[in-house]
Visitor: 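Mind having a look at this structure? Questions to follow.
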There are 2 protein chains.
Amino acid sequence: MSDRDMTIRDMCDTFGVTPRTLRFYEDKELLAPRREGQKRLYSRRDRARLSLILRGKRFGFSLEQVRQLLDLYDRGHGKEAQLRQTYELALERLADMERQRAELDEAIAELKRELAWGAGKLAEFARMRAAE
Amino acid sequence: MSDRDMTIRDMCDTFGVTPRTLRFYEDKELLAPRREGQKRLYSRRDRARLSLILRGKRFGFSLEQVRQLLDLYDRGHGKEAQLRQTYELALERLADMERQRAELDEAIAELKRELAWGAGKLAEFARMRAAE
DNA sequence: ACGCAGCGTTACGTTTACGTCAACGTCACC
DNA sequence: GGTGACGTTGACGTAAACGTAACGCTGCGT
């Protein structure tokens with residue numbers, strides 16, 4: 001039952017997305033579920049792709065980048081050149097993410113300093129109340 | 001000369017923003033420079049506010065949140081209650097930022113694992129070429 | 001047979017933080 | 001008295017990733 005086709009609702013429940021999102025991804029050519037009459041049917045392969053899409057988003061890839069990666073993956077099934085391209089792109093992304101983390105760390109440190117200052121001020125108020 | 005009013009261009013050069021940005025902030029009531037005829041003149045106080053705005057942005061506050069903080073700051077000049085509110089808000093932001101960093105770390109680790117896998121595959125290709 | 005839940009398409013709305021003209025004013029300078 | 005350089009307002013455009021109607025078809029339960 002785990003490898004049967006799923007309806008759009010099943011997919012939404014499984015992956016925590018809305019129908020609109022799935023149709024949107026389809027529109028962007030990230031997904032291409034089978035049709036049975038009007039209804040969309042998502043195969044195991046579609047589910048694998050959706051997993052990759054969502055993972056890509058967690059990594060901060062844009063949908064467009066994800067699409068390129070999926071295309072590469074599809075077309076270059078194990079072919080070295082394609083893998084290398086994917087690899088390079090991921091490396092760049094990693095660099096981006098580490099830059100982001102550095103900035104975030106910096107901002108966190110700065111904010112903590114401000115908070116320490118504020119805490120000091122508040123403690124001052126507390127002492128004033130106590131001394132009165 | 002450091003505490004004289006500045007023109008919009010001076011501001012842009014000093015803070016690395018565009019005129020459009022300054023007008024936009026004014027529109028959003030984040031800034032309210034004096035006018036001399038038509039021209040905007042930014043006082044030392046305006047510059048201080050802009051610093052705070054940009055710092056807030058680095059912290060991930062939205063402009064709307066920044067506006068609220070500036071209002072609090074203005075109206076509650078040193079009054080404990082206002083300071084406390086600002087403090088609380090900053091604490092929440094800090095929590096957000098640390099959550100973000102945790103997610104980012106997680107994503108980085110995951111991406112690194114994928115990269116390691118890719119590197120392995122690429123090494124395999126290299127070995128194949130060497131063995132031929 | 002009736003009604004409604006659920007899926008479908010199409011198309012416009014939303015959010016944030018500005019960018020990008022367009023059309024005009026004004027000031028110094030040559 | 002042009003010619004730029006810089007300033008102004010106003011309005012529309014942009015990006016991403018969907019949300020939100022609006023309206024129709026269809027199957028299912030009663």
Side-chain angles (χ1 to χ4, degrees), chain A residues 4-43 46 49-70 89 93 96-97 100 103 107, chain B residues 4-43 46 49-70 89 93 96-97 100 103 107:
Chain A
R4 272 201 64 68
D5 289 349
M6 291 171 65
T7 89
I8 199 169
R9 184 111 310 276
D10 295 336
M11 292 291 280
C12 293
D13 296 347
T14 305
F15 291 97
V17 298
T18 69
R20 179 69 180 92
T21 299
L22 292 178
R23 299 192 194 107
F24 180 75
Y25 288 169
E26 191 173 336
D27 208 54
K28 296 279 159 171
E29 299 178 76
L30 291 163
L31 290 176
R34 256 184 43 233
R35 292 304 184 99
E36 183 156 305
Q38 283 290 51
K39 284 154 188 197
R40 289 164 171 84
L41 284 182
Y42 296 85
S43 67
D46 292 320
R49 285 177 73 91
L50 182 53
S51 290
L52 288 174
I53 293 167
L54 297 177
R55 186 178 312 175
K57 290 200 56 184
R58 277 206 306 285
F59 291 161
F61 289 101
S62 73
L63 291 184
E64 175 55 21
Q65 288 176 313
V66 168
R67 196 183 58 70
Q68 291 175 26
L69 288 176
L70 285 175
L89 225 163
R93 257 286 78 206
D96 270 9
M97 288 168 71
Q100 262 188 58
E103 280 175 34
Chain B
R4 271 202 65 69
D5 289 351
M6 289 172 66
T7 92
I8 200 169
R9 183 111 307 274
D10 295 336
M11 292 292 280
C12 293
D13 295 347
T14 305
F15 290 96
V17 298
T18 70
R20 181 68 181 90
T21 300
L22 293 178
R23 296 191 196 107
F24 180 76
Y25 289 169
E26 190 173 336
D27 207 54
K28 296 279 161 171
E29 298 178 77
L30 290 163
L31 290 176
R34 254 183 48 229
R35 292 305 182 99
E36 182 157 305
Q38 283 289 55
K39 281 144 190 213
R40 291 166 171 83
L41 284 182
Y42 296 85
S43 67
D46 292 320
R49 284 178 75 93
L50 182 53
S51 289
L52 289 174
I53 294 168
L54 298 178
R55 184 178 312 176
K57 290 200 56 184
R58 277 205 306 284
F59 292 162
F61 290 100
S62 73
L63 290 183
E64 175 56 23
Q65 289 176 313
V66 168
R67 197 184 56 73
Q68 289 174 26
L69 289 176
L70 286 174
L89 226 164
R93 259 288 73 209
D96 271 10
M97 289 168 71
Q100 261 188 58
E103 281 176 34

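Here is the naming used below: chain letters follow the sequence lines, and residue numbers restart at 1 for every chain.
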Visitor: Expressed in angstrom and rounded to an integer, what is the separation of A:Arg20 atom CZ from D:dA16 atom P?
Guide: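 Taking atom P of D:dA16 as the reference, CZ of A:Arg20 is at 15 Å.
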
Visitor: For A:Ile53 and D:dA17, give me the distance from atom CD1 to atom C1', rounded to whole Å.
Guide: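 Interatomic distance, CD1 of A:Ile53 to C1' of D:dA17: 13 Å.
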
Visitor: Can you give me the closest heavy-atom contact between A:Phe59 and A:Met97, atom names plus distance?
Guide: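 Taking every non-hydrogen atom into account, O-SD, 3.3 Å.
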
Visitor: Checking side-chain contact (heavy atoms from CB on, under 4.5 Å) for the pair A:Asp46/A:Met6: CA distance, chi angles, key distance, verdict?
Guide: CA-CA 10 Å; A:Asp46 292 320; A:Met6 291 171 65; over 6 Å; no

Visitor: Within this structure, what is the CD-to-P distance between B:Gln38 and D:dA5, rounded to whole angstrom?
Guide: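 Spelled out: CD on B:Gln38 to P on D:dA5 is 22 Å.
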
Visitor: First and last nucleotide of DNA chain C touching chain B, 5' to 3', heavy-atom cut-off 4.0 Å?
Guide: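 In short, chain B contacts DNA chain C from C:dA17 to C:dT20.
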
Visitor: If I take atom CG in residue A:Leu63 and atom P in nucleotide D:dA15, what distance separates them, rounded to the nearest angstrom?
Guide: 15 Å

Visitor: Nearest of D:dA17, D:dT20, D:dT8 to any side-chain atom of A:Ser62?
Guide: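 Closest nucleotide to the A:Ser62 side chain: D:dA17.
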
Visitor: Rounded off to whole Å, could you give me the CE-to-C1' distance for the B:Met11 and D:dC6 pair?
Guide: 17 Å

Visitor: D:dC18 phosphate, OP1 or OP2: any side-chain N/O from A:Tyr25 under 4.0 angstrom?
Guide: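 For D:dC18, OP1/OP2 do have a side-chain N/O of A:Tyr25 under 4.0 Å.
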
Visitor: Tell me whether A:Glu64 at atom CD has more than 12 heavy atoms from other residues, nucleotides or ligands lying less than 6.0 Å away.
Guide: yes

Visitor: Answer with base, sugar-phosphate or nothing: what part of the nucleic acid does B:Arg23 contact at a heavy-atom distance below 4.0 Å?
Guide: base

Visitor: Where the side chain of A:Asp13 meets the backbone of A:Asp10, is there a donor-acceptor pair that is under 3.5 Å apart?
Guide: no

Visitor: side-chain contact (heavy atoms from CB on, under 4.5 Å) between A:Ile53 and A:Leu63: does it pass, once the steps are laid out?
Guide: CA-CA 8 Å; A:Ile53 293 167; A:Leu63 291 184; 4.2 Å; yes

Visitor: Any side-chain N or O of B:Lys39 under 4.0 Å from OP1/OP2 of D:dT9?
Guide: no

Visitor: State which residue, out of B:Lys39, B:Arg35, B:Arg34, fulfils the salt bridge (charged side-chain N to carboxylate O under 4.0 Å, His left out) condition with B:Asp5.
Guide: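 Among the candidates, only B:Arg34 passes.
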
Visitor: For the residue pair A:Leu22 and A:Cys12, what are the closest heavy atoms and their distance?
Guide: CD1-SG, 3.9 Å

Visitor: For the pair A:Glu103 (side chain) and A:Gln100 (backbone), establish whether a donor and an acceptor sit closer than 3.5 Å, ignoring hydrogens and angles.
Guide: no

Visitor: If we fit an axis to the first five pairs and another to the last five of the helix from C:dA1-D:dT30 to C:dC30-D:dG1, what angle do they make, to the nearest 10°?
Guide: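 So the angle between the two local helix axes works out to 20°.
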
Visitor: Rounded off to whole Å, could you give me the CZ-to-P distance for the A:Arg67 and D:dA16 pair?
Guide: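 That distance rounds to 12 Å.
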
Visitor: Between A:Asp27 and A:Phe24 (side chain of the first, backbone of the second, donor and acceptor by atom type, cut-off under 3.5 Å), is there such a pair?
Guide: no

Visitor: Counting side-chain heavy atoms from CB outward, which of D:dC18, D:dA11, D:dT9 is closest to B:Arg40?
Guide: D:dT9

Visitor: Could you tell me how far apart A:Glu36 (CD) and D:dG27 (C1') are, to the nearest whole angstrom?
Guide: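 A:Glu36 atom CD is separated from D:dG27 atom C1' by 13 Å.
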
Visitor: Specify the separation, in whole Å, of atom NZ of A:Lys57 and atom P of D:dA17.
Guide: 6 Å

